[in-house]
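The structure appears below as structure tokens.
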Amino acid sequence: MSKLAFLNDWFEQVWIGGDLDQIERFYAPQAEACGVMRDFSMGPEDFRALIPAMMRLIDGLEIEVLRHIETEEWLWVLLRVRARVRATAAPVEFTAQISTKFQDGKIREAYNHFDMLGFFEQIGALPDQSLALVMIGETFS
């Protein structure tokens with residue numbers, strides 16, 4: 001199985017399908033995923049809390065690979081993520097980049113960069129144009 005097919009299977013089984021018991025099939029026990037939250041790396045067990053928390057906010061999750069580069073150990077992907085806000089059914093769309101290092105057929109390292117600012121604006125947790133507002137000195141409390 002190619003690394004891209006493996007990652008797509010991760011999205012389908014765990015994120016979209018919600019089968020948290022499959023996490024260990026994809027991530028090595030000592031794996032670390034960085035970039036989901038600042039200054040915090042996640043292990044496989046942390047996904048058991050993250051995924052249900054995200055799914056309480058959205059439904060109808062779709063993940064599309066726009067570009068990818070695969071090497072012997074690494075896979076880099078540019079993604080488009082689409083969903084609907086669970087509370088309002090409003091559409092959500094943002095991009096993400098993930099770099100994953102594979103070892104023994106599983107993900108050993110992952111470096112994630114999701115447009116979480118855009119995501120939280122679209123679900124109504126932050127004001128529209130939050131980045132622009134912060135850049136002109138606005139603060140949120």
Side-chain angles (χ1 to χ4, degrees), residues 1-136 138-141:
M1 173 182 293
S2 74
K3 290 171 185 62
L4 181 60
F6 186 89
L7 190 66
N8 277 325
D9 202 24
W10 157 255
F11 292 139
E12 287 294 324
Q13 297 295 316
V14 180
W15 278 95
I16 295 168
D19 189 352
L20 302 180
D21 291 332
Q22 293 293 315
I23 292 171
E24 287 76 19
R25 184 177 137 222
F26 295 95
Y27 270 84
Q30 70 281 14
E32 288 188 354
C34 301
V36 176
M37 288 184 268
R38 193 176 118 205
D39 298 330
F40 179 72
S41 66
M42 298 178 59
E45 279 302 309
D46 297 311
F47 284 101
R48 291 186 183 280
L50 176 67
I51 293 169
M54 291 294 291
M55 293 304 110
R56 281 191 289 276
L57 300 172
I58 59 172
D59 63 6
L61 181 63
E62 298 174 10
I63 301 171
E64 176 186 4
V65 175
L66 301 174
R67 305 272 187 280
H68 76 282
I69 298 171
E70 192 169 322
T71 69
E72 187 174 318
E73 290 185 318
W74 288 89
L75 172 65
W76 171 85
V77 293
L78 172 63
L79 305 171
R80 179 181 1 240
V81 180
R82 292 185 176 122
R84 295 217 166 264
V85 178
R86 189 170 290 279
T88 66
V92 175
E93 182 175 319
F94 60 95
T95 57
Q97 294 185 52
I98 303 173
S99 298
T100 52
K101 182 176 183 181
F102 288 77
Q103 182 180 14
D104 299 325
K106 293 185 177 186
I107 297 170
R108 175 61 177 94
E109 300 172 32
Y111 301 92
N112 302 281
H113 297 281
F114 286 74
D115 178 11
M116 297 309 291
L117 185 61
F119 170 76
F120 285 116
E121 286 177 354
Q122 291 176 69
I123 68 166
L126 290 172
D128 288 339
Q129 302 301 318
S130 289
L131 180 59
L133 292 169
V134 169
M135 291 182 75
I136 62 169
E138 184 73 33
T139 58
F140 309 117
S141 55

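What's counted below: heavy atoms across the whole structure, side chains too, no hydrogens, waters or symmetry copies.
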Show the numbers, then the answer: is there a side-chain contact (heavy atoms from CB on, under 4.5 Å) between L75 and I69? CA-CA 6 Å; L75 172 65; I69 298 171; over 6 Å; no
Could you tell me whether a side-chain N or O of R86 sits under 3.5 Å from a main-chain N or O of M55, the two making a donor and an acceptor? yes
Pairs involving residues 50-70, ordered by first then second residue, that meet ring-ring contact (aromatic ring centres under 6.0 Å, His included) (sequence neighbours left out): none
Let me confirm one number: the CE-SG distance from M42 to C34, rounded to the nearest 0.5 Å. 10.5 Å
Using the side-chain contact (heavy atoms from CB on, under 4.5 Å) rule, take F26 and V14 through it: C-alpha gap first, then chi angles, then the decisive distance, then the call. CA-CA 9 Å; F26 295 95; V14 180; 4.0 Å; yes
Is Y111 close to I98 at the side-chain level, that is, under 4.5 Å between some pair of heavy atoms? no
What class does the angle between the rings of F47 and W10 fall in, given that below 30° is parallel, 30 to 60° is tilted and above 60° is perpendicular? perpendicular
The criterion is side-chain hydrogen bond (donor to acceptor under 3.5 Å, both in side chains); which residues satisfy it with W76, sequence neighbours excluded? Q97
Of all pairs that satisfy side-chain hydrogen bond (donor to acceptor under 3.5 Å, both in side chains), the ones with a partner from residues 50-62, not counting sequence neighbours: none
Should F102 and T71 count as side-chain neighbours, where that means a heavy-atom distance under 4.5 Å? no
Decide yes or no for R67 and V65: does some side-chain heavy atom of the first lie under 4.5 Å from some side-chain heavy atom of the second? no
F6 and N8: side-chain contact (heavy atoms from CB on, under 4.5 Å), yes or no, with the steps? CA-CA 5 Å; F6 186 89; N8 277 325; over 6 Å; no
Report the distance from atom CD of Q103 to atom CD of E109, rounding to the nearest 0.5 Å. 8.5 Å
Salt bridge (Lys or Arg N to Asp or Glu O under 4.0 Å) pairs touching residues 12-28, sequence neighbours excluded, are D9-R25, D21-R48, E24-R48
Residues 114-127, side-chain donor-acceptor partners within the protein, below 3.5 Å, at least two apart:
from	atom 1	to	atom 2	distance (Å)
D115	OD1	G118	N	2.8
E121	OE2	Q129	N	3.4
E121	OE2	S130	N	2.7
Q122	OE1	E93	N	2.7
Q122	NE2	E93	O	2.7
Q122	NE2	G118	O	3.2

Pairs involving residues 68-79, ordered by first then second residue, that meet salt bridge (Lys or Arg N to Asp or Glu O under 4.0 Å) (sequence neighbours left out): none
Just do the side-chain contact (heavy atoms from CB on, under 4.5 Å) check on K3 and W74 with the steps written out, would you? CA-CA 8 Å; K3 290 171 185 62; W74 288 89; over 6 Å; no
Heavy-atom check, side chain of E64 versus side chain of R82, under 4.5 Å: yes
